[in-house]
Amino acid sequence: MDWKKILLIIAVVQMCMLGSAFAENWSEEADVKTALTYVWLVLAGALVFLMHAGFAMLESGFTRQKNTVNILMKNIANIAITGLIFWAVGYAIMFDRSNFFLANADSSTYNLWFFQMVFAATAATIVSGAVAERMKFSAFLLYVVWMGAIIYPIYGHWIWGGGFLSSDTSPIVKLLGVYAHDFAGSGVVHAVGGYAALIGAMLVGPRIGKFVKGEPKAIPGHSIPLAALGAFLLAFGWIGFNAGSTLNALDKNLNLVVVNTMLASFAGATTAILITWIKHKKPDVAFTINGLLAGLVSITAPCGSVDPWAAVVIGAIGGLIMYFGYMFNENRLKIDDPVGAIPVHGYAGTWGVLSVGIFSNGVEKLYAANAPGLLYGGINLFVMQVISVVVNIVWTTAMAYIGFKLIDKLVGLRVDKEAEIKGLDVMEHRTQAYPEFISER
Amino acid sequence: MDWKKILLIIAVVQMCMLGSAFAENWSEEADVKTALTYVWLVLAGALVFLMHAGFAMLESGFTRQKNTVNILMKNIANIAITGLIFWAVGYAIMFDRSNFFLANADSSTYNLWFFQMVFAATAATIVSGAVAERMKFSAFLLYVVWMGAIIYPIYGHWIWGGGFLSSDTSPIVKLLGVYAHDFAGSGVVHAVGGYAALIGAMLVGPRIGKFVKGEPKAIPGHSIPLAALGAFLLAFGWIGFNAGSTLNALDKNLNLVVVNTMLASFAGATTAILITWIKHKKPDVAFTINGLLAGLVSITAPCGSVDPWAAVVIGAIGGLIMYFGYMFNENRLKIDDPVGAIPVHGYAGTWGVLSVGIFSNGVEKLYAANAPGLLYGGINLFVMQVISVVVNIVWTTAMAYIGFKLIDKLVGLRVDKEAEIKGLDVMEHRTQAYPEFISER
Amino acid sequence: MDWKKILLIIAVVQMCMLGSAFAENWSEEADVKTALTYVWLVLAGALVFLMHAGFAMLESGFTRQKNTVNILMKNIANIAITGLIFWAVGYAIMFDRSNFFLANADSSTYNLWFFQMVFAATAATIVSGAVAERMKFSAFLLYVVWMGAIIYPIYGHWIWGGGFLSSDTSPIVKLLGVYAHDFAGSGVVHAVGGYAALIGAMLVGPRIGKFVKGEPKAIPGHSIPLAALGAFLLAFGWIGFNAGSTLNALDKNLNLVVVNTMLASFAGATTAILITWIKHKKPDVAFTINGLLAGLVSITAPCGSVDPWAAVVIGAIGGLIMYFGYMFNENRLKIDDPVGAIPVHGYAGTWGVLSVGIFSNGVEKLYAANAPGLLYGGINLFVMQVISVVVNIVWTTAMAYIGFKLIDKLVGLRVDKEAEIKGLDVMEHRTQAYPEFISER
Amino acid sequence: MKKVEAIIRPEKLEEVKHALEEAGFIGMTVTEVKGRGRQKGIEQQWRGRKYRVDLLPKVKIEMVVKDEDVDRVIDIIIEKARTGSIGDGKIFVSTVEEVIRVRTGEKGEKAI
Amino acid sequence: MKKVEAIIRPEKLEEVKHALEEAGFIGMTVTEVKGRGRQKGIEQQWRGRKYRVDLLPKVKIEMVVKDEDVDRVIDIIIEKARTGSIGDGKIFVSTVEEVIRVRTGEKGEKAI
Amino acid sequence: MKKVEAIIRPEKLEEVKHALEEAGFIGMTVTEVKGRGRQKGIEQQWRGRKYRVDLLPKVKIEMVVKDEDVDRVIDIIIEKARTGSIGDGKIFVSTVEEVIRVRTGEKGEKAI
Ligand SMILES: Nc1ncnc2c1ncn2[C@@H]1O[C@H](COP(=O)(O)OP(=O)(O)O)[C@@H](O)[C@H]1O
Ligand SMILES: Nc1ncnc2c1ncn2[C@@H]1O[C@H](COP(=O)(O)OP(=O)(O)O)[C@@H](O)[C@H]1O
Ligand SMILES: Nc1ncnc2c1ncn2[C@@H]1O[C@H](COP(=O)(O)OP(=O)(O)O)[C@@H](O)[C@H]1O
C-alpha cells in the first residue's frame, strides 16, 4: 500500500457514494464492487486478527511454563491497547489527521481502520516474544502505547500514508522516479517490530542462565504443540495479511499474492528442515517453525511484484537468513531472543524489502512495485528499497531505544531476580498456567 | 435482525430468482448481489461455527482436568444435536412454519438456515460452562434439545421472526412506534443462554468444595493456554457473528459493526485488567478473558446503531458488569459458575440490549435501531428495550426452570458424589483428558 | 469438479479477460463476477489450509507424547513439500500439461492452483496419522513426494481433470451416459489418502505393544483437548472444502452444499455417541470425534446432489461405517491405525462416492451429479460410481504399495526398536514435545 | 526420629494436612504417586477397547517426627483419611538416623 | 518387614508389575522419578544448541514385604527389569518398623 | 550403607547435582515433590479470590552412599543448597541394608 494506492482506493470508494464522504446515505446499499471490497477486507482483517491467537500460542509454546500466563496476558493486552490507541491517535497520524478518535469517518474509513488496526497490533506484538520471561508487565504495556502511537504510525505514514518515501512530491521519489514499495509490510510491520524487539531484548538483557561465561545455553520452551498451532494460525492469517493488502477485491493480482505467499512459506520451512538436518544431524522443530514464518515475512513486501519461482527463492533465502541470523545473535551479539523474533521479523523483513529491488518483474499492476528490480535491469528501485531499509532501521532502533529508556526510568524494564526465578506468572499475576493443584485432581 | 429485515431479505432474494421460490432454476447462476450475500453469510457463518471450538477450549481451560473430556463431549454434542433439532423443528418455529425439516427450502433458505443454526447452537452451549463438572451428560443432552426446540426459537421468533416485539401489527409496536432492536443477539442469543445458565447452575447446585460454610473458594481451571486460545477464537468468530447479522453483504453499515465490535471487546478487556489490578493488586488473567468476552456480548445488540466512542463506553461498562456480577453471584447468590457464563452472557447481554435504548444515534440505516436512544432525546426506544429485556428474562428463566425440573425427574440433573470427586471423565466417559499412563511413556 | 466443469470455469474466466489468457492486462480490475469467485476461492482455500492445523492437532492428541514432535514435523513438512511438488509437477499433471512450475499461468490459474494445492496436501497428510509413532521421518517425506507427484494428481486427473472417468470422449462415459461424480473429493482426496494409509500401516506394521498374542490393546493418545480442537478446525475448514468446490461463487448450489455438510457431520457425531453408548456403556470421545469426521468425509462427494434428509442418512451411515470399520481393522485385519484414518477417510470416503449413486436427486445444476441415483430410479450413475470406486481402490493400493516398498528399499520404513520405545521425538528430532525439565522450573 | 510415610487418597490430602497442622505437625513432603493394593483399579476404554488402570493415583505424605509423636501422627492420619472402603491406604514407619536443616546446619530433633 | 525400593526403566514397569502380581505381590506404590547412575544421559538440542539431559526418567517401585519375601521380590524384579545395558536401575532394601492399614487400623504383617 | 534424602529448592538442583558429580557422587534419584516446613506458602488468586498454596514445589534427591561418605555428601548439599532463608530444605539420613544393581545382580557397596 502506498500513497498512490490509498488515494485511488479512497477515490473509488467516494465515487460510489452519493454526496460527500461525511454525509453518506447509510440507508442505501453500497455499490456491488465497493461491497465486495468491504466484505473482503473485513474477512481478510479477521484472518489477521486471528494471527494474534497465533502469536499467543507460538510465544507461550516457545517459552517456559512459569511465564506462560504472562505471555498470554501480554498478547491479549497488546491487541486491546493497540486497538484503542490506534482508534484514538494511531490511524489519524498514519493516514488522515482529521480522523482522531475516528471522527469524520464514513463506511470506507471504518473498513480501512479495521484492516490497518490489526496490522498495527501485529507490529507491536512482535516484541513480546523477544523480551519474554523477564520484562515487567507494566513496562510492556507502556511500550505497546509507544509503539502504537508513535513508532509504527509515523514510519507507516512515510511508506503507506503519503510520507516522503512514497509521495509524488517527495524529492527523493522525484529523483529516483520510483516509490519505496512494501506491499503488505515486510518493513512497515515486521522489520519495525523486529528491530524494536532487538533493542528491547538488548536493553532488558538475557534471561538468567542463558549465557554461562558467555556461552549461550539452550532454554527450551514448554510446549511444541502450542508453538506448532501458533505457526499454523499465523500462516492462515497471513493469507489475509498479504492478499488483503491489495485493498481492492477486484485487483486480480491477489491470486498471485496468495500463490507467492504460500510458496515462500513452504520454501522457508523446507530450507530450515534441510539446514538443521545438515548442521545438527536432526531436523529441528523450533527452527522449522521459524523457517516457515521467515518465508512468510520475506515475501510480504515482494508478493505482488515477483514471479512464483522468485517467491520460492526469496522464501528459501529468508529461511537461511533466519537460521544464521539467530546464530549470529546468540553467538556474537549475545542477545537472548526466546522465540526468535529478531531474525524472523527483523532480518527476514529487511530481506523482504530488499528482495523487491532484486526480483520485481516490473509488470504494470494496480498496486505493485511497477518498476523492474536488479534482475530485470532496474537500479533505481533497488536504491530506493535500500534507502527505505536504512530509514526503517535507523528510525525504529532510535525510537525504540528512547522508548525503552524512558520506560526504564518510569517503572523499570526488568522484574527482580526472585520474580524471574519463580516465574512471572506467580509474581506478576498470582496464578499459574496450569494451576491445578495436586489435591484438586 | 427483525421481522421487517427478514421480509426484505427474502423479497430481494426471491426477486433474483426466476419463477417461484420453490421451483427455482438451480442450473442458473445467482445474481451477483445475491451471490455476494450468499458467500458472505457462508463465511460469516463459518466464523460463528468456529466459536464452538472457542467455547470448547475456553470451558475446558477454565475447569478441572478431571472433567475435561466431559466438557469437550458436551460441546461437540451440543453443536451436533442443536444442528439436527434446528433442522427438524427450530428453524421452522422461529422463521417459517413451512420449513420443518427444511421442506420447501430454496437456496436462500439454506443460506439463512446455516447462519441461524450456528447462532442457535451458541445460545445452547453457554449453559455448558456454568453447569460444568457436576451435571450429568444425559441431562445436558436433554437440555440441549429443550433449548434448541423451544426456548431459543420461540423468543427468537418474537424478536427476529415477526413476533409481538417486532411485528408491525403488534399492539406494543404500534403503541411505542419502535421495534425492539437486538442487532446480532445480546438478548436473543447471549442473555437467553446466560439466564438459562443461571437457572441450570442454581438447580444443579455448586460443586463440592466451592462453598465452605458459605464462603466461596477458588477452584482454578486446569489450563490457561486453552482458555486464552478459546477467547481468541471466540473474538475471531464474533466478527462473523456481528458483521454477518446485517444479512446483506451490501449494507455498508457492516464496517461500523466491525469497528464497534472490536472497540467494545478491547474496552472490556482493558477494563478488566485495570479493575483487577486495582482490586486484587495483580492483573488477573481469567477476568481479563471474561472482560474481553463481556465487551463482545455487550456490543452485540447495539453495534449497528451507535458511534465508536459509544462502543468503547458500552464495552467498558460491560467489563465492569461482568466483574461485579461475577462477585455478586458468588458472594450473595452463592451460585457456582465455573467459567463465568452468567455475568458474561446474561448480565452483559442484558446491558447490551438496554444500551441500544441509551446510545442509539438514530441514524437511518438498512438495519439498525432507527430511533434515537436516551442520549439523543428518545424515550420510546429505551422503553421498548426494557420491555424486551423483561420478556427475555421472564421467558428464559421460566422455561429453563420447567425444562431442568422435568429433566431432573426424568434422569436426574447431577452426578453422584463419587463421580464428582473422581471426575466426570472417568465416570461418565471412562477416559481421561490426558490419558497417557506412567508406564506408557 | 469434473472435466465439463473445469472447462466451463476456464471459459468463463477467459471471457472475462481482454486478450488471451497468457497476456492478460494486470493493471485492469477484474470483472466483478470473476473477482467474487477469486475472493471466494482464496477464502475457501484458506479455510482448507487451516485443516492442516486441524490434522496436526488431531493426530498429536490421538498419539503418545513421546512422538508428538514427530507428528507435528510431519504435518508441517507435508504441507510445505506437497506445496512445492504441486507447484513443480502435480498441478500440471492433474490439470494442464503447460503449467509445470506454474509456467504460462494467469490470474485464474493462480487462483485454482491455490485451491487445488491445499486439497493435494490433504490427501497426503491423511497417511501421517495411520503410520504414526513408528515410521521414519525420512521415509514419510519420500512418501509425501510420491503422493503429491504421482498417486494423487493422476487419479485426480481421471475424475477432475478430464481423464477417462469424466471426459465426454471416454468410452465408458459414452457407454453409460453419465460422468463419475465426486463433488469435493470423498474419493479423490479422502479415499486416496485412506487407502494409502491402509497400505502404509500394513507395511510398516503395528506399534510394539498394540497386539499382544494377536489381541488388540488400547494405546490411548496423550491429549483429548488437542484432538477436539483438531476436529473443530477440520469441520471449520470443511466448509471451505465443500462449498468452495463449486469453483464458482455464483453457483447457488453452494448453500445446499453447506447445509448438507453440516447435517452429515452432526449425524456422524450423534451416531457415534449413540453406538458407543450402547456398545460400551459410555459415550466415547475418540469415536465421537471420528464420527464427526466420518460424516464429513461421507458427504464430500454427494453434498451438491442430495437433499438434506439424505445428508443426515449418509452421515449417520458414515458414522457406523467408521465404527465397524475401525473394529474390523483391529480385530480381523490386525492393522494398527492410531488415529483411525483408514475407516474415517478410506471406508467412509468410498461410502461417500457410492452414496451419490444412491441418493442423487437428479436435479439439474451447474455442477452436480446431474443424473438420478438408485432411489430415484437411476442405475447408470450407480454403476459409474462403483467403477470409480474400484479404480480408486486398485490404483491407490497398488501405487502406495509400490511407493512404500521402494522407500523401504531406499531408507527403510520403520525406526528401530530403541527409537520406538524411547520415542521418535528424542531419537529423530532430539527434542521433546514438552521439553521443560524438572530443574528448569 | 521416625519417618512416617502415609499413602492416602488424593481427595483426603487437604483434610489430613489440616488436621496435622492443627496438632502442630507442619513439616511434610508430599508426592504424587500411583499405587495398587487390594483395590482393583478402574476400567477405562479407548475407542471401545477396555483397559484397566490398576495403578490408581494416590498421594504420599512423608513426615519425619520425634519418636514420641509417631502414634499421634498415625492416629490423626487414620482418623482423617479413612473412608472404610478399599483403597484407603497404608502407613509405614521407619527409623531415621539423622535430620539436618539445610538453612542452619542444625542437626537432630531440633532440625525437624 | 522390609521396604524394597526399585528404580527401573519406565518401559519395564508393566512387565515387573505383572510378574510380581503373579507371584502374589500386589501392593505397591509407584513414582515417576528422574535418575542418574552410570548411564550418561541423552543429548538433546533446541534450535541447534545441544544440551544434555543427564537425569533420565525412571520409575520407582516401593513395596513393603515380609522379611522372608525380600529375596523373591528382588529376584523377580531383577529378572524382569534387566536388559543388560547401563541404566537398568538399582534396588535398595531397608527396614520398616511398622505398617498400618488406614481402612481398618490393622498393624504389622497382616496390614501389608 | 546409608540413604541420604535431601529436600531442596528446585532451582538449586543443577548446582547441587554438579557439585556432587565433581566430588565423585554420580548416582542419584530425583523426584518432584511438594513440601511444607516453616515456609508459609504463596498466596495466589483466581478471579480475585485468594487461595494459599501451602505446599511448595521442592525437589527430593535420594542417594545411597557408603557410610563413610555420608558427611561429605551432606556438606556438599548444604553448601550448595543453602540460601539462608526459610525454605532451604531438609536432609534425612537412614540405613539401607542392601543395594542391588539390576543389570549385574551385584550386591552391597560395589553396587552403589
Ligand atoms: N505392600 C505395599 N507396599 C507399598 N505400598 C503399598 C502396599 N500395599 C498398599 N500400598 C499402597 O497403599 C495404597 C492403598 O492400598 P489398598 O490395598 O488399596 O488399601 P486397603 O489395604 O485399605 O485395601 C495402594 O494404592 C498403594 O499405593
Ligand atoms: N547411589 C544411588 N542412589 C540413588 N539412586 C541411584 C543411585 N545409583 C543409581 N541410582 C538410580 O538408579 C538408576 C539406574 O542407575 P544406573 O547407574 O544408570 O544403572 P547401572 O548401575 O545398572 O548402570 C539411576 O537412574 C538412578 O535413578
Ligand atoms: N518434618 C518434616 N518431614 C518431612 N519433610 C519435611 C519436614 N520438614 C520439612 N520438610 C521438607 O523440607 C522442605 C523445606 O522445609 P522448611 O521448613 O521450609 O525449611 P526450613 O526448616 O529451612 O525453614 C519442606 O518444603 C518439606 O518438603
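These values consider heavy atoms only, across backbone and side chains, with no hydrogens, waters or symmetry-generated copies. Computed from a prediction, not measured in an experiment: that's the story for all the values here.
Side-chain contact between Glu62(F) and Lys60(E) is present, with heavy atoms from C-beta onward closer than 4.5 Å. Counting heavy atoms from C-beta outward, Thr95(F) and Thr95(E) have side chains that stay 4.5 Å or more apart. Between Leu55(E) and Leu13(F), the closest side-chain pair of non-hydrogen atoms falls below 4.5 Å. The shortest side-chain heavy-atom distance between Lys90(E) and Thr29(F) does not fall under the 4.5 Å cut-off. Taking 4.5 Å as the limit, some side-chain heavy atom of Ile91(E) sits within range of a side-chain heavy atom of Val102(F).
Between chain E and the options Arg101(F), Arg103(F), Met28(F), Met1(F), the largest number of non-hydrogen pairs under 4.5 Å is found for Arg103(F).
The part of Ile112(F) that comes within reach of chain E is its backbone (N, CA, C, O), which places non-hydrogen atoms under 4.5 angstrom from that chain. For Ser85(E), the part lying near chain F is the backbone, with the side chain staying farther off; criterion is any non-hydrogen pair under 4.5 Å. Within the 4.5 angstrom heavy-atom criterion, no atom of Glu79(E) approaches chain F.
Heavy atoms only, all atoms of each residue included: Ser94(E) and Val96(F) are closest at CB-CA, 4.3 Å.
Taking CZ from Arg36(E) and CD1 from Ile61(F), the interatomic distance works out to 9.0 Å, rounded to the nearest 0.5 Å. Here the CD-CZ distance, from Glu98(F) to Phe92(E), works out to 11.0 Å after rounding to the nearest 0.5 Å. Put simply, CD1 on Ile74(E) and CD1 on Ile100(F) are 3.5 Å apart, with the number rounded to the nearest 0.5 Å.
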- request: Go through the steps to decide whether Val30(F) and Val33(E) satisfy the test side chain to side chain contact (heavy atoms under 4.5 Å, CB included), and finish with yes or no.
  value: CA-CA 6 Å; Val30(F) 176; Val33(E) 297; over 6 Å; no

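Ion pairing between a basic and an acidic side chain is recognised when a charged N comes within 4.0 Å of a carboxylate O; Lys2(E) and Glu97(F) show such pairing. Ion pair Lys34(E)/Glu32(F) not flagged as a salt bridge, since none of the NZ, NE, NH1 or NH2 atoms sits closer than 4.0 Å to an Asp/Glu carboxylate oxygen.
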